[in-house]
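See structure below.
The model shown is predicted, which means the values in this text are computed figures rather than measured ones. Atoms within each ligand, like the ligands themselves, are counted from 1 in listed order. When reading the values below, keep in mind they use all heavy atoms of this one structure, side chains included, and skip hydrogens, waters and symmetry mates.
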Amino acid sequence: MSCRAASNARPASARVIGTGMYVPERVMTNEDFTRIVDTNDEWITKRTGMKQRRIAEHDQATSDLAIEACRRALDDAGVEPADVDLVICATITADNTLPATACWLQDRLGCTGAGAFDLTAACSGHIYGLAQARAAILTGQARTVLVTSAEVLSCITDYTDRSTCVLFGDGAGAAVVQASDEPDTGILYTTLYADGSGGTMMLLPAGGSRRPASHETVDQRLHYMHIRGRGVFKFAVLKMQELIEECMKECDLTVDQVRLVIPHQVNTRIINAATGRMGFPPEKVFLNIEKYGNTGGASVAIAHDEARRQGALGPGDMALLIAFGGGLTWAGAAIRH
Ligand code: ACO
């Protein structure tokens, strides 16, 4: 079924039936940063929870990472590429501005009957993507949707700025979402928010139509992310807390009924503050930030895949996915496995 061919039959639910992830081979440790900026392992570990991150090779673009994650997700789901109706790629580091990275993926994967588009919601991208997949499925627009979230943040990271460069890593995650006749399962609830008045808090100043690339913009280092992290900190804690609260309220859940919170791996202190205030013990909060750092939109997707593969989420288990990022955007999803 193609994305255009809407079905009359409305499914009961949209389920995540497969996930995958991929990170580049190259590891960059906290110790490595001490050789390029004035920093140390203790500061980075204490302030962020990060120990290392993966960095793409110069010839690896976002689609090269995403394709591996997508293949693993399709394999996990037992779905043939030709059976995918829609490919959604959430990224802020698209291979090109034109065409969409999702189109490169659609072709390279062999999703011959699928529509494809990119989505820009920064670190909230994967949950925005899952929400679009769910909506397309529940309205009969698509039966099987491939959502991938992938970033090569190293290509927009200023490695002369110690306050931002230590935060980011590269990686990709993917999920196959499919229509199901089983009620009360799968992606039960999604919630999306934005506040563009905070757009300059995390900004890539040049390279778009506002300030096209020029010698001047390159000389001024305007093709890198500019982030006011300190200002974002408290807001991020509050919004992540509110997202958990809303998902639990709307799905009528108690802490005991939630198996796992899978947060955007932004900063251990932000995550611990938000989940702790909501009464979640550490064992119910999935963390892999020490291995990969902040991989933008890919972070929740990678964490979700790792949690499933480690057996942390079994049949019937409830997970809350929550994220916060540039835009500003924030988003949550409640998923029964
Ligand atoms: N090594 C050593 N010292 C550093 C480093 C470093 N890498 N970076 C900053 N410092 C210094 C600062 O210069 C400052 O020194 P000063 O007091 O002499 O001015 C001091 O450490 C404290 O800096 P703060 O910015 O106040 O540190 P904070 O505790 O807020 O931690 C951090 C910074 C980790 C960025 C935190 O604010 C944070 O996680 N913020 C929100 C997360 C965020 O915005 N992430 C990016 C999201 S973008 C996206 O997701 C796509």
Side-chain angles (χ1 to χ4, degrees), residues 28-53 62 90-94 119-129 149-173 193-196 198-205 223-241 243 263-275 287-290 292-303 321-331:
M28 193 156 179
T29 64
N30 291 351
E31 197 57 35
D32 293 331
F33 279 99
T34 65
R35 288 186 271 277
I36 57 171
V37 287
D38 180 15
T39 190
N40 55 76
D41 174 52
E42 192 193 353
W43 190 96
I44 303 172
T45 307
K46 265 195 185 157
R47 301 282 180 137
T48 71
M50 298 168 190
K51 280 290 190 188
Q52 60 182 48
R53 48 312 271 146
T62 291
T91 185
I92 58 166
T93 52
L119 181 162
T120 305
C123 305
S124 313
H126 194 64
I127 299 173
Y128 266 67
S149 307
E151 304 289 7
V152 180
L153 293 177
S154 58
C155 72
I156 55 166
T157 296
D158 185 348
Y159 286 98
T160 66
D161 175 8
R162 70 173 182 173
S163 64
T164 59
C165 70
V166 299
L167 302 175
F168 299 105
D170 302 331
Y193 291 98
D195 180 2
T200 57
M201 301 291 283
M202 298 175 215
L203 181 71
L204 206 158
H223 295 273
Y224 298 120
M225 286 183 282
H226 290 221
I227 290 166
R228 283 185 273 146
R230 201 181 296 189
V232 174
F233 197 97
K234 277 187 187 163
F235 196 64
V237 173
L238 179 68
K239 292 303 165 192
M240 284 183 135
Q241 188 184 334
L243 287 167
H264 168 43
Q265 308 290 307
V266 56
N267 182 316
T268 314
R269 289 183 297 147
I270 292 175
I271 293 168
N272 288 346
T275 54
L287 284 177
N288 60 11
I289 192 169
E290 74 283 1
Y292 307 126
N294 177 350
T295 56
S299 132
V300 167
I302 290 172
L321 277 54
I322 53 163
F324 176 92
L328 302 170
T329 58
W330 57 105

[atom]: the protein heavy-atom neighbour that sits closest, reported with distance to 0.1 Å:
atom                    : result
atom 27 (O) of ligand 1 : Arg47 NH1, 3.2 Å
atom 35 (C) of ligand 1 : Leu167 CD1, 4.0 Å
atom 23 (O) of ligand 1 : Arg230 NH2, 3.6 Å
atom 48 (S) of ligand 1 : Met202 SD, 3.1 Å
atom 10 (N) of ligand 1 : Trp43 CZ2, 3.4 Å

[atom1] of [X] to [atom2] of [Y]: how many Å apart, nearest 0.5 Å?
X      : Y      : atom1 : atom2 : result
Met225 : Cys155 : CE    : SG    : 8.5 Å
Lys51  : Ile289 : NZ    : CD1   : 12.5 Å
His264 : Met240 : NE2   : CE    : 6.5 Å
Tyr128 : Leu119 : OH    : CG    : 8.5 Å
Thr268 : Arg47  : OG1   : CZ    : 13.0 Å
Leu243 : Tyr193 : CG    : OH    : 7.0 Å

Exercise. Given the protein's heavy atoms, is any one of them under 4.0 Å from atom 16 (P) of ligand 1?
Worked result: no
For this session: Give a yes or no on whether atom 21 (O) of ligand 1 lies under 4.0 Å from any heavy atom of the protein.
Result: yes
Could you tell me whether [X] approaches ligand 1 through its side chain, its backbone, both or neither, with non-hydrogen atoms closer than 4.0 Å?
X      : answer
Asn294 : side chain
Asn267 : side chain
Met201 : neither
Cys123 : side chain
Arg162 : both
His264 : side chain
Ile44  : neither
Val266 : side chain

For this session: Walk me through it: do Thr45 and Asp41 pass the test side chain to side chain donor-acceptor pair (under 3.5 Å)?
Result: CA-CA 6 Å; Thr45 307; Asp41 174 52; 3.1 Å; yes
What are the atoms of ligand 1, with element, lying closer than 4.0 Å to any heavy atom of [X]?
X      : value
Ser163 : 8 (N), 9 (C)
Phe233 : 36 (C), 37 (O), 38 (C), 40 (N)
Thr39  : 1 (N), 2 (C), 6 (C), 7 (N)

For this session: Please list all pairs passing the salt bridge (Lys or Arg N to Asp or Glu O under 4.0 Å) test where one or both residues lie in residues 155-164, with sequence neighbours left out.
Result: Asp38-Arg162, Asp158-Arg221
Is there a donor-acceptor contact under 3.5 Å from the side chain of [X] to the main chain of [Y]?
X      : Y      : result
Thr62  : Thr93  : yes
Asp170 : Ser154 : yes
Gln265 : Asn288 : yes
Asp32  : Thr29  : yes

Seminar exercise, completed: Applying side chain to side chain contact (heavy atoms under 4.5 Å, CB included) to Leu167 and not counting sequence neighbours gives Thr48, Met50
May I ask you to check whether [X] has an N/O atom sitting below 3.5 Å from an N/O atom of ligand 1?
X      : answer
Thr48  : no
Asn40  : no
Phe168 : no

Exercise. Of the choices Gly49, Gly229, Gly231, which has the non-hydrogen atom that lies closest to atom 40 (N) of ligand 1?
Worked result: Gly229
Exercise. Passes side chain to side chain donor-acceptor pair (under 3.5 Å), Arg53 versus Thr295? Steps please.
Worked result: CA-CA 9 Å; Arg53 48 312 271 146; Thr295 56; over 6 Å; no
Exercise. Do any heavy atoms of Ile270 fall under 4.0 Å from ligand 1?
Worked result: yes
For this session: Please confirm whether Arg269 comes under 4.0 Å of ligand 1, counting heavy atoms of the residue only.
Result: yes
